[in-house]
S.K.: 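Before I ask anything, let me first share the structure, which is written out below as structure tokens.
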Amino acid sequence: MKLTKEKWNQQLFHILAISFLAIKRTEAMSDPCNPSPCGANTQCISRDSRPVCVCLPGYWGNPLSYCQRGECAETRDCPGSRICRDYRCVDVCEGQCGAGASCTPRNHIPVCTCPPGYTGDALSSCRPFDPQELCNPSPCGRNTRCEVVNGVPTCSCLPGYVGAPLTGCNHECESDYDCPGSTKCSNFKCTQLCTPGTCAPNARCDVNNHRSLCTCPPGTFGDPYVSCNLECESHYDCPSGRPACSAGKCIDPCAQGVCGVGADCRVKERTTPVCSCPRDMTGDPFVSCRPFDKTDLCVPNPCGTNAQCTPGHDRTGKERPVCTCPPGYSGNALVHCRRGECSTDSECRYDQVCDGYQCLNACQNQCGIGAQCTARNHAAVCSCPPGTTGQPLARCNPVQPPVAAVRRGGRLFYEK
């Protein structure tokens, strides 16, 4: 039987299709990634006929089970204190600095420093800092001493030496003329001339050409090297204009500027200055006195506890402090203001109203004579009770019983 061209083509296509499917089935059986043994968001790669699972770019996790989308693709996607590593933002300081060092992240870069009180290489190790290291080697000159003061090496000359500690120190003096005018040279050291015992206890000591000169001060007399008599020995030796005896001299305690500007000063018990502002002024007598103004009426507050003070006037028009209780308080403002129970009806029970900052019965004295009252939502509702009639806000009267009437001869007659 001879095949037509069309049937031949059909058989050829069928043979080719079967061959292609056989090839694909063979390839699938030899491909370890078909079907893929990996988790979601992963890629399976065949290596040495073994499947290797990896997370897709931009993902991280366990590729055998599940990979989640990463926090970042590059470092600029992270905060300034972190960097992008394996699609995750991690601490930029992690494992970057040495032992004992501090790390400060700055724009995705770790900055390593040794903490206060430590020194060393912050990238390798920091150790406690010994302040005495600043003096070894000594930065000072000869005949000096190096000490660490508040973390700073400080140079000073040794006793008996003077000069510039940073360059070197020498003997303080070789003769009197190497010393200041009030001192003399003794054992290579400048010593004070006017020391205790040079002159009499109450004498005056002056220095002239590196020599001491003793004199009695004004108001005293005697031998300045032995004793000088004082102007006074007690307060009662002084006149009334200078009633206080101070260091053997009569003085006016109020003449030393102890009181403030505009203040008065009087002497109490001859020695104590007492400062006060004049009657028409106020202020701190030790600093300054000034004329009264309205605000001074309430300083200090003359009112009672919790009361407010405002400047005002009395009946004669004279300025006086006015005491009042603040909103929400009641009482005698001159003695004590106490906080009330309420300031609005809503702070009281439904059957009460706020009156004078107190919660009172809403029906109190609200209805007329004979009326009944019902409190509803902080309001009094008045009504006449059964058997009465009238205006419940004024008076309720009993209802009169009906009167029987009969008609006789075209006229009504009421029966009693």
S.K.: Indicate yes or no: at least one non-hydrogen side-chain atom of S234 is less than 4.5 angstrom from one of C245.
M.R.: no

S.K.: Between T144 and G141 (side chain of the first, backbone of the second, donor and acceptor by atom type, cut-off under 3.5 Å), is there such a pair?
M.R.: yes

S.K.: H378 side chain to R349 main-chain N or O, any donor-acceptor pair under 3.5 Å?
M.R.: yes

S.K.: When the side chains of residues 131-138 are checked against the rest of the protein, which donor-acceptor pairs come out under 3.5 Å, sequence neighbours left out?
M.R.:
unit_1 : atom_1 : unit_2 : atom_2 : d
E133   : OE2    : R127   : NH1    : 3.2
S138   : OG     : C140   : N      : 3.1

S.K.: Does any part of the side chain of R338, heavy atoms only, come nearer than 4.5 Å to the side chain of S330, both counted from C-beta?
M.R.: yes

S.K.: Would you mind reporting whether P217 and K249 have side-chain heavy atoms less than 4.5 Å apart?
M.R.: no

S.K.: Going by the rule side chain to side chain contact (heavy atoms under 4.5 Å, CB included), which residues pair with T104 if we only count those two or more places apart in sequence or in a different chain?
M.R.: R106

S.K.: Surrounding CD of E94 (heavy atoms of other residues, nucleotides or ligands, distance under 6.0 Å), is the total greater than 12?
M.R.: no

S.K.: Keeping the roles fixed (side chain from D48, backbone from R50), state whether a donor-acceptor pair exists under 3.5 Å.
M.R.: no

S.K.: Mark yes or no for whether D293, through its side chain, and D296, through its backbone, hold a donor-acceptor pair below 3.5 Å.
M.R.: yes

S.K.: Ignoring hydrogens and geometry, is there a side-chain-to-backbone donor-acceptor pair from T198 to L193 under 3.5 Å?
M.R.: yes

S.K.: Is there side-chain contact between V207 and K184, with heavy atoms separated by less than 4.5 Å?
M.R.: no

S.K.: Would the distance check show the side chain of R270 and the main-chain N or O of C238 forming a donor-acceptor pair, the cut-off being under 3.5 Å?
M.R.: yes

S.K.: Tell me, with the steps shown, if N361 and Q352 meet side chain to side chain contact (heavy atoms under 4.5 Å, CB included).
M.R.: CA-CA 5 Å; N361 189 342; Q352 294 178 327; 5.6 Å; no

S.K.: Determine whether a donor-acceptor pair (N or O, by modelled atom type, separation under 3.5 Å) exists between the side chain of N397 and the backbone of T389.
M.R.: no

S.K.: Verify, without hydrogens or angle tests, whether N306 (side chain) and C337 (backbone) share a donor-acceptor contact under 3.5 angstrom.
M.R.: yes

S.K.: Counting C-beta onward and ignoring hydrogens, is there a side-chain heavy-atom pair between W60 and Q68 closer than 4.5 Å?
M.R.: yes

S.K.: Using atom types as modelled, flag every donor-acceptor pair under 3.5 Å from a side chain in residues 164-174 to any protein atom, sequence neighbours excluded.
M.R.:
unit_1 : atom_1 : unit_2 : atom_2 : d
T167   : OG1    : A164   : O      : 3.2
N170   : OD1    : R142   : NH2    : 3.3
E172   : OE1    : C190   : N      : 3.4

S.K.: Salt bridge or not between D264 and R266? Use side-chain N to carboxylate O under 4.0 Å.
M.R.: no

S.K.: For residues 73-86, tabulate all N or O donor-acceptor pairs below 3.5 Å that involve a side-chain atom, not counting sequence neighbours.
M.R.:
unit_1 : atom_1 : unit_2 : atom_2 : d
E74    : OE2    : R76    : NE     : 2.1
E74    : OE2    : R76    : NH2    : 2.9
T75    : OG1    : C84    : N      : 3.4
D77    : OD2    : A73    : N      : 2.9
D77    : OD2    : E74    : N      : 3.2
R82    : NE     : C89    : O      : 3.1
R82    : NH2    : C89    : O      : 3.0

S.K.: What residue pairs, at least two apart or across chains, pass ring-ring contact (aromatic ring centres under 6.0 Å, His included) with a residue in residues 193-215?
M.R.: Y177-H210

S.K.: Taking distance alone, no hydrogens or angles, what donor-acceptor pairs closer than 3.5 Å link side-chain atoms of residues 222-229 to residues at least two apart or in another chain?
M.R.:
unit_1 : atom_1 : unit_2 : atom_2 : d
D223   : OD1    : Y225   : N      : 3.0
Y225   : OH     : C214   : N      : 3.4

